[in-house]
Amino acid sequence: MSFPLLTATAALPAIGAIATAAVPAARRTAAKWLALLVSIATLALAIAVLVRFDPDGARYQLTESHAWIADFGVRYELGVDGIGVALLALTALLIPFIILAGWHDADPLETGSRRWRPTQGFFALILAVEAMVIISFEATDVFLFYIFFEAMLIPMYFLIGGFGDRAHAGTDENAAAQRSYAAVKFLLYNLVGGLIMLAAVIGLYVVAGNFSLQEIAEARANGTLDMATNTERWLFLGFFFAFAVKAPLWPLHTWLPNAMGEATAPVAVLITAVVDKVGTFAMLRFCLQLFPEASKWATPAILVLAVISIIYGALLAVGQRDIKRLVAYASISHFGFIIMGIFAMTSQGQSGATLYMVNHGISTAALMLVAGFLISRRGSRLIADYGGVQKVAPVLAGTFLIGGLATLSLPGLAPFVSEFLVLVGTFARYPVIGIIATLGIVLAALYTLVLYQRTMTGPVKPEVSAMPDLRVRELVVVAPLVVLLIFLGVYPKPVTDIVNPAVKSTMSDVHKKDPKPEVEAAK
């Protein structure tokens with residue numbers, strides 16, 4: 001029996017979470033180092049998955065299958081395709097940086113008071129989320145996926161509600177209430193989506209007789225499982241609604257600005273760069289593969305919602321006074337591009353969408369973590385409280401600028417390639433949608449450059465005149481992300497080589513081919 005590498009990749013952070021939580025209260029530093037070492041070991045396992053994965057091999061590789069709840073046809077089935085392995089690697093890559101960036105975010109504020117913060121719990125919850133996200137990218141049993149899709153809400157709820165942004169600590173009497181509101185809103189939105197999906201999961205079992213993604217997809221492809229049109233559409237809507245909440249897609253997005261605004265910067269990165277990717281990933285893996293005809297039926301409406309997300313998120317980002325909420329609304333706009341690429345039903349669009357998931361995770365992590373370092377120094381999230389930072393902390397300002405330029409998809413940085421592919425793929429089949437979506441690029445340049453101008457340039461405000469530059473730990477967090485943004489912006493081939501075969505299979509699932517260019521043949 002071969003080594004269960006996929007199980008090990010998810011089990012290691014789960015075991016690490018339990019071990020970290022069990023560290024004695026007086027050994028906070030030991031708990032931090034344990035969590036960091038576990039996350040690095042998980043990254044090593046993810047690299048092993050990447051090395052063993054063959055892009056030209058079978059669609060699902062490193063598969064594991066064991067009986068679980070036999071009476072209901074539920075199996076413990078794992079497997080990764082090119083899309084899943086790319087996002088698994090992204091998750092494992094970001095968690096060590098998230099832990100390092102949040103090294104002091106859960107230290108006690110006032111020992112013995114009600115504002116004491118359990119450091120061990122903070123890092124244990126991060127590892128728990130990592131384990132659940134990783135197994136979500138690996139699960140090929142629909143019921144198994146659903147369990148962890150929902151279970152990750154619990155540790156995220158405590159991370160948002162229990163460990164708020166220190167920009168509020170001790171200065172805002174409503175800080176705890178605001179964190180609680182954000183956490184409850186996050187939980188309720190996603191629970192409603194999950195309950196609707198549960199009904200669809202049960203309906204799928206009634207129709208198909210099992211929960212195996214591969215068996216159901218094969219039965220659909222060879223005609224042995226023929227769903228009624230209305231049945232397929234209702235099941236698709238049940239799945240898609242839950243994924244659209246998680247993504248998030250307008251108008252189901254309103255939980256995200258609250259959650260990212262009230263969470264610490266590392267937890268905000270965990271939300272938008274890691275957890276939310278499960279929603280867009282699941283659209284590709286489950287919606288298109290299980291319900292191909294319904295996916296094509298819903299495409300026009302979804303594309304309209306995606307374009308609204310792009311424009312709406314960008315417009316609200318322009319008007320934000322809060323740095324973290326600005327990044328949150330920018331992410332809503334970016335998720336609109338990802339969803340638009342998925343449902344453009346072209347290979348360029350879906351390859352761009354998958355690449356965008358990876359690149360958005362890296363660029364958002366870079367920008368938000370540097371913003372977190374900035375906010376922790378000044379103690380304020382308000383843009384108006386900054387000015388002239390580049391004169392007193394040039395390295396911090398420079399990395400902030402690179403993160404911002406990546407957010408607006410500057411050529412030469414990683415998000416540009418993915419956004420370009422999404423727009424090309426969309427324009428090839430839906431030119432009007434593609435043209436309207438380009439307005440999001442213009443607005444991204446506006447909110448990013450205005451943010452940098454107001455915080456980093458101009459006269460040095462007295463409150464930031466003594467601001468220290470990035471420390472060694474912070475440089476260790478930011479520097480690799482900047483290097484990746486530049487490397488993937490110049491040479492995205494390592495990622496596209498992995499995801500393109502999986503995209504080709506997805507296009508085959510929905511029986512779509514790329515439209516031929518409408519160019520008059522040369523005479």
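Throughout, numbering of the chain's residues begins at 1 and tracks the sequence.
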Does F400 have its ring centroid less than 6.0 Å away from the ring centroid of Y386? no

Could you give the distance from CG (L252) to OG (S309), rounded to the nearest 0.5 Å? 8.5 Å

Do L78 and L144 touch side chain to side chain, with heavy atoms closer than 4.5 Å? yes

Stepwise side-chain contact (heavy atoms from CB on, under 4.5 Å) check, L153 with Y157: CA-CA 6 Å; L153 302 180; Y157 168 81; 6.0 Å; no

Point-to-point distance, once rounded to the nearest 0.5 Å, from CG of L125 to CZ of F163: 6.0 Å

Between CZ of R325 and CD of E262, what distance do you get to the nearest 0.5 Å? 8.0 Å

Just checking R454: does its CZ atom have more than 12 heavy atoms from other residues, nucleotides or ligands closer to it than 6.0 angstrom? no

Distance col, row I126:CD1 vs M156:CE, nearest 0.5 angstrom, shows 9.0 Å

CG-CG distance between L36 and L100, expressed to the nearest 0.5 angstrom: 5.0 Å

Mind checking whether I271 and W255 have side chains closer than 4.5 Å, heavy atoms only? yes

Quick one, I339 with W250, criterion side-chain contact (heavy atoms from CB on, under 4.5 Å). Give me CA distance, side-chain angles, the key distance, then yes/no. CA-CA 11 Å; I339 295 170; W250 183 94; over 6 Å; no

Could you tell me if the side chain of E138 sits less than 4.5 Å from the side chain of V80, heavy atoms only? yes

Does R473 CZ have over 12 foreign heavy atoms under 6.0 Å away? yes

Is the side chain of K324 donor-acceptor paired with the backbone N or O of A263 at a distance under 3.5 Å, no angle test? yes

Any sub-3.5 Å donor-acceptor pair from K277's side-chain atoms to T272's backbone N or O? yes

Any side-chain heavy atom of I383 sitting closer than 4.5 Å to one from L326? yes

Under 3.5 Å, is there a donor-acceptor pair between the side chain of Y452 and the main chain of T457? no

Rounded to the nearest 0.5 angstrom, the OG-CG distance for S363 and L413 is 9.0 Å

Is there a side-chain contact (heavy atoms from CB on, under 4.5 Å) between D385 and K461? Walk through the geometry before answering. CA-CA 8 Å; D385 288 342; K461 291 199 171 183; 5.6 Å; no

Can you find a heavy atom in the side chain of M357 that is under 4.5 Å from one in the side chain of L284? yes

In L50, L88, L12, the residue satisfying side-chain contact (heavy atoms from CB on, under 4.5 Å) with L45 is L12

Kindly write out the residues that satisfy salt bridge (charged side-chain N to carboxylate O under 4.0 Å, His left out) with E474, not counting sequence neighbours, or none if the list is empty. R377, R471

Donor-acceptor contact present, side-chain T119 to main-chain A106, <3.5 Å: yes

Take V499 and L355 through the test side-chain contact (heavy atoms from CB on, under 4.5 Å) and record every step on the way to the result. CA-CA 8 Å; V499 304; L355 187 59; 5.7 Å; no

Please lay out, stage by stage, how Y447 and T407 fare under the test side chain to side chain donor-acceptor pair (under 3.5 Å). CA-CA 10 Å; Y447 62 69; T407 298; over 6 Å; no

Any side-chain heavy-atom pair of E130 and V38 under 4.5 Å: no

